[in-house]
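Beneath this line is the structure, given in structure tokens, with notes to follow.
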Amino acid sequence: MKYNFTAIEKKWQDIWDEKNAFIAENDYTKKKYYALIEFPYPSGSGLHVGHPRPYTALDIISRKRRMQGYNVLFPMGWDAFGLPTENYAIKHKMHPADVTKQNVARFKSQLISLGLSFDWSREINTTDPEYYKWTQWIFLRLFKKGLAYKKEMSVNWCTHCKVVLANEEVIAGECERCHGEVIHKAKSQWMLKITDYADKLLDDLETVDYIERVKLAERNWIGRSYGAEVDFSTTAGDKLRVFTTRADTLFGATYMVIAPEHPYIEKWRSNLKNYEQITAYREQATKKSDFERTELAKDKTGVKLDGVTAINPVTNKEIPIFVSDYVLITYGTGAIMAVPAHDERDYDFAKAFELPIVEVVAGGDITKEAFTDVDSGIMINSGFLNGLEVSAANEKMAEFLTENGLGEKKVNYKLRDWIFARQRYWGEPVPLVWCGCCGWQPIDESELPLRLPEVTSYEPTDNGESPLAAITDWVSTTCPKCGTPAKRETDTMPQWAGSSWYFLRYCDPHNSDFFAARETLDYWMPVDWYNGGMEHATLHLLYSRFWSKFLYDEGLISCPEPYLKRTAHGMILGEDGEKMSKSEGKAINPDDVVRDYGADTLRLYEMFIGDFEKSAPWSTKSVKGCKRFLERFAELSTMITRDKDGDLERELHLTIKKVTNDIEDMKFNTAIAAMMSLINSIYAKGGIDKESLMLFITILCPFAPHICEEMWENLGGKGLCSLTSWPQYNEEKTKVDEVEIAIQINGKVKSAVTVPSDCDEATAFGIIERSGRLTAFTEGKTIVKKIYIPNRIFNIVVK
RNA sequence: GCACCUGUGGCGGAACUGGCAGACGCGCUAGAUUCAGGUUCUAGUCGGGGUAACUCGGUGCAGGUUCAAUUCCUGUCAGGUGCACCA
């Protein structure tokens, strides 16, 4: 068979489409399998070679599951709201919806050309009003439960995009997208109380099968820490409350620090002799961008409060209070007790300001550095804690504080609430109305979807308002509660909104009465296998788990966790091992690869490139190796022999076994290597019998489906190869009669010998002795020990 | 700074639960086919020594455990990713 990939691939893509080969039926009698990849943002630049890697991987899983008899849901859609589309629209004077339409069409044709077995009848688009109707509906549900609230706060403002960013979108003081400078700005924002779900999000990680590094990233991001809150009396006559995880070191607290934004600065205004100096410092601190604050992290700055001091509740000593930006208003109580002997930051600060350093945990050398080890220290200079280990002291101090009304145990999280607003046009409108007398009111559900108004200008504004704010006839409305004139919220939702529930919509994408019918959700959910990028572990993955848990608590879905299994793929780098950048013209266009080598070759290569979880550099030369393999494979149809060959049959069954198992472990590269070895053996033998070849075609089919369909048809296979049964390997047929094992002397390989497979130690040793290969090594020595690993090794220890 | 991950031929990468390191592919070398180039086929390809059978060394580095270590442990160096003063 001549390998005309262009014709073959088009032919089979059309046939799959005509025959609805990959449509997922809601047939509840069948066992289901839901495979999911992260739906892409349809950018203007089209598909990147990075996209096919995870798509092909789960396509292989989906195709194998279908062949194993599962009812498979493998859907695709578009996460299409977002800044680049809006910016492109502004630049080219188009409507973002039209830009989206264009980009989606291009992406879709590219994906189809890769032979991915998506169920296109379930295609969704987050910018479709029929879709975002339900995004808004879920938001209203959150609002009505008190999980959405508006808060005046210091936000991350990208000076370039002119938009507020979530903490997760700020990377080292720069905007994640445009790398513009990010500064702090006060703004009233919609927030979602994801922190209410911190414990569930953390604890339920135990119930799911995610790769460890994803779990780790989420755990660190949520950052739960157990400690205590302690009240310190002040000379202003009130109490200053701090959070600490080291209550055991309370005897060593020699000063206190409050964040520059701490409200007590205003409260103590009349007591503070240096109020001016303090507010000047506060000004300076808030003006700093995150980047500057990070840069200056090593050099501690601050101002001592003149006029208010505190009392250490266990030593009863008077200690000074400082204001310093190394204490964050957003964590704990915004104030700390400083124990310089046992905290690095406090140590640095104490050194800079020449404050006393009192050792309360013995074991380090506090003249050199803070001793922070919690596993080996013993308490000293600590009254009733002396002699205890740190953990016991911590526990005892917490009890002491509680009993004496000085404080209590407390859990804190790094996780912050989710800023759920953007000052942009191309996003879901927030379906709330501000009424002067009734406050924020949800619009009636019957008015959903609240559509984006058709306008001609989407330019962002310098004042931080959304472009929607300028559209007065859209903004002006009436209060749903009292009917008086009111104004709509003009911020839109962040890009993460639509993707927080999209996997639910796939279950029932055309439902106009509900986000998805319960029976479809109960059948298809949860997702059995979800693959996506590592970069989403603390963003999309956490957000979507949060929304799922909320919908579960609302009784709207039946699974508390949306994804049973989560894996992550590595990036595809440029040939130079660096990130493939479009700007430098180094990017490989998948269309070119499909045109020059074919989709099957591209699929195979992306799976063969290396460990799926690790990043790997692209190599056009290596692509040829995969092409060669497929050409040799196509040639097999002219090499059919009449009789079966025993060796080949055994290797075939071993290959079926390896491919079957490797797919489950995402070890696609070794599965392909095994099939390459098999083809080498077939060529060495000069041919293969037809029955064996048909099995070979079947196991290659998930990887290179077009060529397999073509050969399957040419050789008279029944129906579609893609829908035939996955072959069972025969364990008996994988066995060999004899096996070569290595002979080791004192652990070093010296020789080899052929023995019957699975034979016992005595038999093996007998054969080795008789072979005469031992005498040179054992002469004049005694055998101390024999170690025999059947079918592998015989190690003889001599002296 | 802290946490996590990764270090194996010229290159991408294999190696089950500790059991013959370098599968498979690329590249390279030689030969065959071809007017020639390309393609294809055959053989070889970790390093040192030997015509060869063979032999010694070898998985970032230094130790350790073991009959046996790429795999486990300790230390160390290098690269990558994440978090970034989280008390």
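Side-chain atoms are counted along with the backbone in the values below, which use heavy atoms only and exclude waters and symmetry mates. Throughout, protein chains are lettered first and strands after them, A, B, ... in sequence-line order, and every chain is numbered starting at 1. The structure displayed is predicted, hence computed values, not measured ones.
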Residues forming a side-chain contact (heavy atoms from CB on, under 4.5 Å) with [X], sequence neighbours excluded:
X	value
A/L401	A/V230, A/A247, A/L250, A/M397, A/L406
A/E731	A/K657, A/Y729, A/T734, A/K735
A/I787	A/K785, A/I789, A/N795, A/V797

For [N] and [M], measure between their [atom1] atoms and round to the nearest Å.
N	M	atom1	value
B/C28	B/G19	C1'	33 Å
B/G57	B/C61	P	16 Å
B/G1	B/A69	P	36 Å
B/G60	B/C16	P	16 Å
B/C11	B/A36	C1'	30 Å
B/A87	B/G13	P	37 Å
B/U74	B/G58	P	24 Å
B/U76	B/A68	C1'	26 Å

(message) Can you confirm whether more than 12 heavy atoms, excluding those of A/K215, are under 6.0 Å from its NZ atom?
(response) yes
Would you call [X]-[Y] a salt bridge at under 4.0 Å N-O?
X	Y	answer
A/D348	A/K351	no
A/K368	A/E344	no
A/R224	A/D199	yes
A/R219	A/E206	yes

Heavy atoms under 4.0 Å, any strand shown: does [X] hit a base, just sugar-phosphate, or nothing?
X	value
A/S615	sugar-phosphate
A/K658	nothing
A/D346	nothing
A/K667	sugar-phosphate

If I take atom [atom1] in residue [X] and atom [atom2] in nucleotide [N], what distance separates them, rounded to the nearest angstrom?
X	N	atom1	atom2	value
A/L573	B/G79	CG	P	17 Å
A/D611	B/A15	CG	C1'	13 Å
A/H536	B/G82	NE2	C1'	15 Å
A/Y788	B/G18	OH	P	20 Å
A/F612	B/A14	CZ	C1'	18 Å
A/D343	B/C2	CG	P	13 Å
A/F629	B/G12	CZ	P	23 Å
A/M666	B/A14	CE	P	15 Å

(message) Does the protein touch nucleotides 19-32 of chain B at the base, only the backbone, or not at all? Give it as B, S and - per nucleotide, heavy atoms under 4.0 Å.
(response) BB--BBSSS-----
(request) Answer with yes or no after comparing the ring centroid distance for A/F608 and A/F668 against a 6.0 Å cut-off, counting only values under it. (result) no
(message) Between A/Y255 and A/F322 (judged by ring centroids, cut-off 6.0 Å), do the two rings come close enough to count as a pair?
(response) yes
Identify all pairs in which a protein N or O lies below 3.5 Å from an N or O of nucleotides 3-9 of chain B, and state each distance.
none

(message) Among B/C85, B/A87, B/A84, which nucleotide has an atom closest to any side-chain atom of A/K300?
(response) B/C85
(message) I want to confirm an ordering. Mapping A/A616 and A/T245 to their closest nucleotides on RNA chain B, which one lands closer to the 5' end?
(response) A/A616
(message) Heavy-atom nearest nucleotide on RNA chain B for A/K414 versus A/Y683: which residue maps closer to 5'?
(response) A/Y683
(message) Going by the glycosidic torsion and a 90 degree boundary from 0, is the base of B/G9 oriented syn or anti?
(response) syn
(request) Would you sketch RNA chain B in dot-bracket for me? Only Watson-Crick or G-U wobble pairs with both distances under 3.5 Å count, crossing pairs as [ ], other-strand pairs as |, the rest as dots. (result) (((((((..(((......[....)))((((((.......))))))((((....))))..(((((..]....))))))))))))....
(message) Side chains of A/Y326 and A/D346: any donor to acceptor distance under 3.5 Å?
(response) yes
(request) Return the orientation label for the A/F629 and A/F696 ring planes: parallel under 30°, perpendicular over 60°, tilted otherwise. (result) tilted
(message) Parallel, tilted or perpendicular, judged at 30° and 60°: which one describes the rings of A/Y543 and A/W418?
(response) parallel
(message) Pair A/D417, A/K193 - check salt bridge (Lys or Arg N to Asp or Glu O under 4.0 Å), show working.
(response) CA-CA 5 Å; A/D417 278 340; A/K193 262 192 207 168; over 6 Å; no
(message) Please tell me if A/K750 has a side-chain N or O lying less than 4.0 Å from either OP1 or OP2 of B/C56.
(response) yes
